[in-house]
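This report refers to the structure that appears directly beneath it.
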Amino acid sequence: FLYIAMDNTHSPVFSPNNFTSLRGPYGAATEALDWVVGQIMQVLKEKGLSENTLMLFTSDNGAWYVPPPTEAGVVGPFQGTYAPNAFGYTDTGKGSTWEGGFRVPAVMWWPNTIPNTSICEDFTSSLDMMVTFSSLAGAKLPSNKQLDGRDISTLLKSGCLPVGHFSAGRSHHEYLHDDKSRVPTDSNYTFFYYRGANLMAARSGSFKAHFITHSGFGSEPFVYHDPPLLFDVEIDPQERQSLSSSHYEGVIRQLVTAAAEHNQTLVPGTPQLDLIDIKAMDCDGLTEKQSQCCSTLGAHCSY
C-alpha cells in the first residue's frame, strides 16, 4: 500500500522551474503533480504490476476560494449560489459545507478490472476507501467499531456508465417522484458534512439538508436552520434553490432523524490537528528555498 499526499498545489503553490502554465503558478503546480502521477504509473507498467494494482487519484477538499484562479483551483458548478443571495458571502469552497467545499474529482485506474471508458456518477465518499480496500485485500475490519464507509468494490468493477452517457446520478439512487413527501428508496445510507466538530449538513441519495451554514473562512457567526435548507444536489448542484419544506416533509424528516441517530452513536475522538506541530505546517512567510520543503517535489531540504 502506497499513500502519497502531494501538497504542491496547496498554498504556497510550488513547482519546479521546468513546469509552466497559462494558469500561472497553480497550473504549473498541477502539471508537476500530473508528472509525478505519470512516473508512478510508468513504474507500475514496467514492473508488470499495473493489472494487480488499484490506483486512486482524489483530493481532500474542494477548491479554496482565492481569486484569481492562477493561485488556486475552481469549484466549477458547485458554487453554493444560495449563499451570496441569502447571506452575502461567496466563499463557498474549501472550509465550507456547501458542495464546493466537498465535491472533489476521483479517478481510479485498474487495467482489466475497471473498464477504462466508464464514468460513475453514483454518490461515494473517501470514507468508503478503507472499507473497499480492505474488502479487495481480504482484510478483516474491526468488529467493535462503527465505520462510516461502504464497500464499493462491486461498483468499481461494474463499469457504471459508458463515456458520453447522460445520467442524473441516480443509477443506484432511484426516487419516487410521484409523491415528493416520500423518502428515497435508498434510505439506508446517509452522509454527514462536518466543519470541525459541528454537524452542518446531511445527505441521503440526491437530497441534502443544511442544519447550519457558514462560509469557508469568514468570521461571521453560524446560521442555524429549522427547518433545514433542503436541496436536490443532483438536479441543482449549484445549491441555487432551496426546496419547500412543506412539499418535502418526508425527506426532511428522514435526514433530521438520521442526524439525531448519528449523534447518539458518535464517539468523539481527538482532533488530528491537535496531535501535530502547527508550526511545521505553516509554510507562509518562508523563503523560496524553505518553501520547497513544504512540497513532496522539493523534499531534499537542509536549511
Side-chain atoms of residues 48-56: list all donor-acceptor pairs with protein atoms under 3.5 Å, sequence neighbours left out, distances to 0.1 Å.
from	atom 1	to	atom 2	distance (Å)
Glu51	OE1	Asn112	ND2	3.2
Glu51	OE2	Asn112	ND2	2.7
Thr53	OG1	Leu49	O	2.7

Nearest heavy-atom pair of [X] and [Y]: which atoms, and what distance?
X: Gly216; Y: Arg195; result: O-NH1, 3.0 Å
X: Leu136; Y: Ser153; result: CD2-CB, 3.6 Å
X: Ala258; Y: Thr190; result: CB-OG1, 3.7 Å
X: Ala209; Y: Leu255; result: CB-CD1, 3.7 Å

(request) Using the six-membered ring wherever Trp is involved, compare the ring planes of Tyr189 and Phe123 and label them parallel, tilted or perpendicular (cut-offs 30° and 60°). (result) tilted
(message) With no hydrogens and no angle check, just 3.5 Å: does a side-chain donor-acceptor pair link His225 and Thr213?
(response) yes
(request) Verify whether one side chain among Ser15 and Glu31 offers a donor that lies under 3.5 Å from an acceptor in the other. (result) no
Does [Y] offer a backbone N or O that forms a donor-acceptor pair with the side chain of [X] under 3.5 Å?
X: Arg150; Y: Val131; result: no
X: Asn263; Y: Ala260; result: no
X: Glu239; Y: Glu99; result: yes
X: Arg203; Y: Gly205; result: yes
X: Ser206; Y: Val233; result: no
X: Ser59; Y: Asn61; result: yes
X: Thr132; Y: Ile152; result: yes

(request) State yes or no: do Leu33 and Val36 share one hydrophobic cluster built from I, L, V, M, F, W and Y residues joined by side-chain heavy-atom distances below 4.5 Å, directly or via other members? (result) yes
(request) Check whether the ring centres of His10 and Trp64 lie less than 6.0 Å apart, and answer yes or no. (result) no
(message) Could you check whether Tyr193 and His214 have their ring centres less than 6.0 Å apart?
(response) no
(request) Give a yes or no on this: more than 12 heavy atoms of other residues, nucleotides or ligands lie within 6.0 Å of atom CD of Gln241. (result) no
(message) Other residues, nucleotides and ligands only: do more than 12 of their heavy atoms fall within 6.0 Å of CD on Glu46?
(response) yes
(request) State the CD1-OG distance between Ile252 and Ser244, to the nearest 0.5 angstrom. (result) 8.0 Å
(message) If you define the side chain from C-beta out and look only at heavy atoms, does anything of Trp109 sit under 4.5 Å from Val37?
(response) no
(message) Filter on side-chain hydrogen bond (donor to acceptor under 3.5 Å, both in side chains), then keep only pairs touching residues 134-143, sequence neighbours left out; what's left?
(response) Ser135-Asp151
